[in-house]
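Below, chain A is the first sequence line, B the second, and so on; all start at residue 1.
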Number of protein chains: 2
Amino acid sequence: MADEQDASNSTSPTIYDVARACGVAASTVSRTFSRPGRVNVETADRIRRVAAEMGYRTNTVARALPTSQTALLAMVVPTVPDRFFIEVIRGAKAAAIAAGYTLVVADAGLSADAERAAVNRLIPVVDGVILAGSLLPDSSIRVAAKQRPTVVLNRAMTDVASVLTDSADGMRQAVEHLTALDHRELTYLAGPEASWSDGMRWRSFKVETQRLGLRARRIGPIAPTQAAGMAAASTFAEQMTSGVIAFNDFIAVGFVSGLSRLGVRVPDDVSVIGFDNTAAGFSNLPLTSIAAPLPHLGGQAVRTLMRQIAAARPGRPDAPGAVRPTRLPAQLVVRSSTAPRARRDSNAPGSGERAA
Amino acid sequence: MADEQDASNSTSPTIYDVARACGVAASTVSRTFSRPGRVNVETADRIRRVAAEMGYRTNTVARALPTSQTALLAMVVPTVPDRFFIEVIRGAKAAAIAAGYTLVVADAGLSADAERAAVNRLIPVVDGVILAGSLLPDSSIRVAAKQRPTVVLNRAMTDVASVLTDSADGMRQAVEHLTALDHRELTYLAGPEASWSDGMRWRSFKVETQRLGLRARRIGPIAPTQAAGMAAASTFAEQMTSGVIAFNDFIAVGFVSGLSRLGVRVPDDVSVIGFDNTAAGFSNLPLTSIAAPLPHLGGQAVRTLMRQIAAARPGRPDAPGAVRPTRLPAQLVVRSSTAPRARRDSNAPGSGERAA
DNA sequence: CACGGGCCGACAATCGGTTGCCAAAACTAT
DNA sequence: ATAGTTTTGGCAACCGATTGTCGGCCCGTG
């Protein structure tokens with residue numbers, strides 16, 4: 001008894017301690033926890049009871065050595081998460097817990113190098129990695145994917161699993177919405193050049209405006225911040241269009257304040273649509289935005305990852321060749337930053353060649 | 001040669017593979033990396049070169065088993081991080097990397113139970129834990145601290161290391177600022193009841209107002225969101241004071257919009273001060289706020305943790321008895337949400353018993 | 001030339017589980 | 001009662017590092 005007190009006092013008990021206390025072999029204790037049906041119910045009950053009494057908790061790092069499974073999932077996000085990723089993380093976390101995994105979040109710093117460092121640090125310790133808004137080139141991502149199951153978010157890759165919002169369809173909805181409001185000339189406020197999403201959105205913007213026979217302009221690249229959006233307003237003022245679609249809500253919100261500073265009113269003079277629906281209740285003007293199903297995005301990423309982890313178990317060490325991206329629907333949320341085009345078409349400076 | 005190809009192909013090389021390739025014992029390879037001077041320079045160089053060629057990377061979980069050191073630090077934050085924690089995390093991350101550690105962030109869900117679960121999952125895998133804005137009762141924190149070095153943020157504890165902003169002094173600066181502007185009646189917009197910080201701030205508020213002979217009111221508890229802050233404006237309107245200090249900037253920003261909706265102008269009619277300085281450029285009105293040195297807070301937490309980890313190494317398993325909280329200075333940042341008290345004192349409904 | 005001391009590398013135990021294989025025990029069927 | 005099958009628990013070999021201990025080698029000095 002004194003002996004057991006001492007043991008429990010110094011370090012936490014191991015399966016060997018439990019085994020000795022129960023008069024069974026350590027392997028039996030191990031199986032009691034890891035292989036449910038394998039041990040006689042009575043024996044298992046007794047072991048469980050004693051283990052609980054002794055305060056036994058299985059040492060996850062010891063377990064990870066032979067099985068190379070840590071029940072940890074890593075999600076790497078650019079620098080520190082903004083509203084967008086917050087929602088994604090929420091969904092991912094729920095899905096991870098549901099699957100018996102723990103999700104840890106690491107921020108990637110601001111450079112590709114810092115991100116690579118973060119990934120390298122984490123990869124040996126986790127069972128899978130979700131790369132969200134990665135700054136890494138495709139080749140680096142492939143390297144990571146070769147070592148651990150990997151899923152990329154909002155970025156299409158042919159040889160690494162990916163989950164993304166159908167922003168092309170979101171863009172279609174946005175452009176059609178503006179068209180229905182009689183806007184015939186649209187400007188796209190572009191995001192950072194390095195952003196994969198931005199390229200995607202701009203491409204869709206061109207496709208849709210062309211399809212509907214609209215005039216399309218583009219301003220940018222613009223950093224994804226309110227300040228940069230605000231600054232972009234003056235560039236825009238030199239040659240205005242009645243409809244504007246921004247790379248994301250941060251830019252859109254800043255842009256709207258920039259316009260109001262210039263005396264241009266939203267939505268009276270200009271209709272503005274953002275992306276990602278992250279600005280709800282952010283500024284005074286409720287912003288029309290293309291909403292991505294953020295938590296679903298995260299959840300889906302985790303589920304895709306889990307499938308890969310399960311598949312990697314038996315023989316195949318990696319790359320199942322080509323994989324098709326999972327595409328989740330976007331939805332336009334109409335608020336009060338969009339309105340029918342005003343009839344009068346002078347008033348604003350440089351309103352230029354409007355088609356009457 | 002074909003043999004080595006196969007080996008490197010299937011799984012990543014181990015020290016044994018490197019040792020065989022070099023014709024030395026595995027222990028020598030191990031020491032080459034962990035105990036610099038212990039191995040002959042030539043031998044070490046050769047081993048390092050071969051290891052690099054083979055792409056050897058030390059398996060951190062295997063290393064963690066005998067040493068029980070994972071070089072991982074966990075920071076647990078309530079639900080998903082807002083602007084406040086984003087800055088704290090940034091500072092903590094930098095400090096962790098500087099010390100050769102990796103910081104992982106886990107969100108605690110919304111309940112104490114979820115937080116406990118998160119902590120329990122993480123504790124066996126990390127070398128130390130930082131609890132930020134924890135919802136846990138002191139007793140649970142003590143339990144965690146008994147298992148791993150632990151530091152709590154913005155919460156004073158006598159037997160667990162803590163790092164916190166000197167919000168009492170921040171409150172003093174805020175109240176003195178308002179006094180200097182001739183405000184004689186102040187309202188405190190209280191945050192969530194469970195919040196340790198809120199209790200602290202309210203207490204300081206009372207102390208300071210009393211010291212300066214001001215009238216003090218309190219409204220709340222209010223959820224730390226803009227929406228809740230906005231809603232609080234109508235309660236406030238029933239009995240206004242010319243000066244207001246809010247639990248944090250979210251509440252303050254919402255409160256200001258709520259006031260403007262009611263036709264009360266800031267800072268003309270009411271001066272408002274927030275806490276944490278997280279609303280920079282958030283709304284149209286630059287908010288006067290009590291700024292905490294957020295990144296320093298995170299960095300200091302990590303450094304405190306590292307000291308504990310180092311101390312825990314030799315003999316002492318835990319609790320060094322009583323520890324004094326580390327207090328970091330707060331600073332009032334004056335912007336345009338505060339102004340001298342207006343002379344006229346009717347106009348607003350229920351402006352009540354003003355003294356003069 | 002012999003002896004003491006440093007330096008260096010190897011052996012083997014250990015961290016705490018997991019799991020393939022085997023044998024004893026219990027049960028079923030003939 | 002015997003042979004055949006299924007449970008069930010134990011033995012021991014891993015997983016990939018770390019580290020205490022020991023013996024061999026080389027050097028210097030008496």
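- In this entry the distance linking CD1 of I47(B) with P of dC8(C) reads 12 Å, nearest Å.
- At a cut-off of 3.5 angstrom, counting only N and O atoms as typed in the model, there is no donor on one side facing an acceptor on the other between the side-chain of R31(A) and the base of dG17(C).
- Rounding to the nearest 0.5 Å gives a distance of 5.5 Å between CD1 of I86(B) and CD1 of I86(A).
- Interface remark: the Y16(A) side chain does form a donor-acceptor pair with the dG17(C) base, using a distance-only criterion of under 3.5 Å.
- Residue N59(B) places its side chain closer to dG16(D) than to any other of dG9(D), dG16(D), dT18(D).
- L72(A) CG to L103(A) CG: the interatomic distance, rounded to the nearest 0.5 Å, is 9.0 Å.
- Distance from the side chain of A62(A) is smallest for dG17(C) among the nucleotides dA12(D), dG9(D), dG17(C).
- Atom pair L65(B):CG and dG16(D):P shows a separation of 12 Å (rounding to whole Å applied).
- When the nucleotides dC15(C), dG16(C), dA10(C) are ranked by their closest atom to the side chain of P66(A), dG16(C) comes out on top.
- Rounded to whole Å, the distance from CE on M54(A) to P on dG16(C) is 13 Å.
- Residue V61(A) is classed as having no contact, given no heavy-atom separation below 4.0 Å to the nucleic acid.
- Within the structure, every side-chain polar atom (N or O) of T67(A) is placed at least 4.0 Å from both OP1 and OP2 of dT18(C).
- Straight-line distance from the CD atom of E42(A) to the C1' atom of dA26(C): 13 Å, rounded to whole Å.
- Atoms CG (N40(A)) and P (dG9(D)) sit 5 Å apart, rounded to a whole Å.
- With dG16(C), dC11(D), dT18(C) as the choices, the nucleotide that has an atom nearest any side-chain atom of R63(A) turns out to be dT18(C).
- Across dT18(D), dG17(C), dT8(D), the shortest atom-to-atom separation from the side chain of Y56(A) is found for dG17(C).
- Proximity of a side-chain donor or acceptor of Q69(B) to a complementary backbone N or O of D127(B) within less than 3.5 Å is not detected.
- Between the side chain of R38(A) and the base of dG9(D), at least one donor-acceptor pair of N or O atoms lies under 3.5 Å.
- Residue T58(B) has its side chain nearest to dA17(D) when only dT18(C), dG9(C), dA17(D) are considered.
- Proximity of T43(B) to the phosphate of dG9(C): a side-chain N or O atom is located under 4.0 Å from OP1 or OP2.
- Taking all atoms of both residues into account, the shortest heavy-atom contact from I123(B) to R148(B) is O-NE, 3.2 Å.
- Listed for the R116(A) side chain is no donor-acceptor partner under 3.5 Å among the backbone atoms of S140(A).
- Computed from coordinates, the R35(B) CZ to dC7(C) C1' distance equals 15 Å when rounded to whole Å.
- Rounded to an integer number of Å, the gap from D45(B) CG to dG9(C) P is 12 Å.
- In this structure, CZ of R20(A) is placed 14 Å from P of dG10(D), rounded to the nearest angstrom.
- Contact annotation: S30(B) reaches the phosphate of dT18(D) (side-chain N/O to OP1 or OP2, under 4.0 Å).
- With V163(A) as reference, L297(A) is the one residue of V152(A), L297(A), V88(A), I130(A) to meet the side chain to side chain contact (heavy atoms under 4.5 Å, CB included) rule.
- The base of dC11(C) is paired with the side chain of S27(B) by a donor and an acceptor separated by under 3.5 Å.
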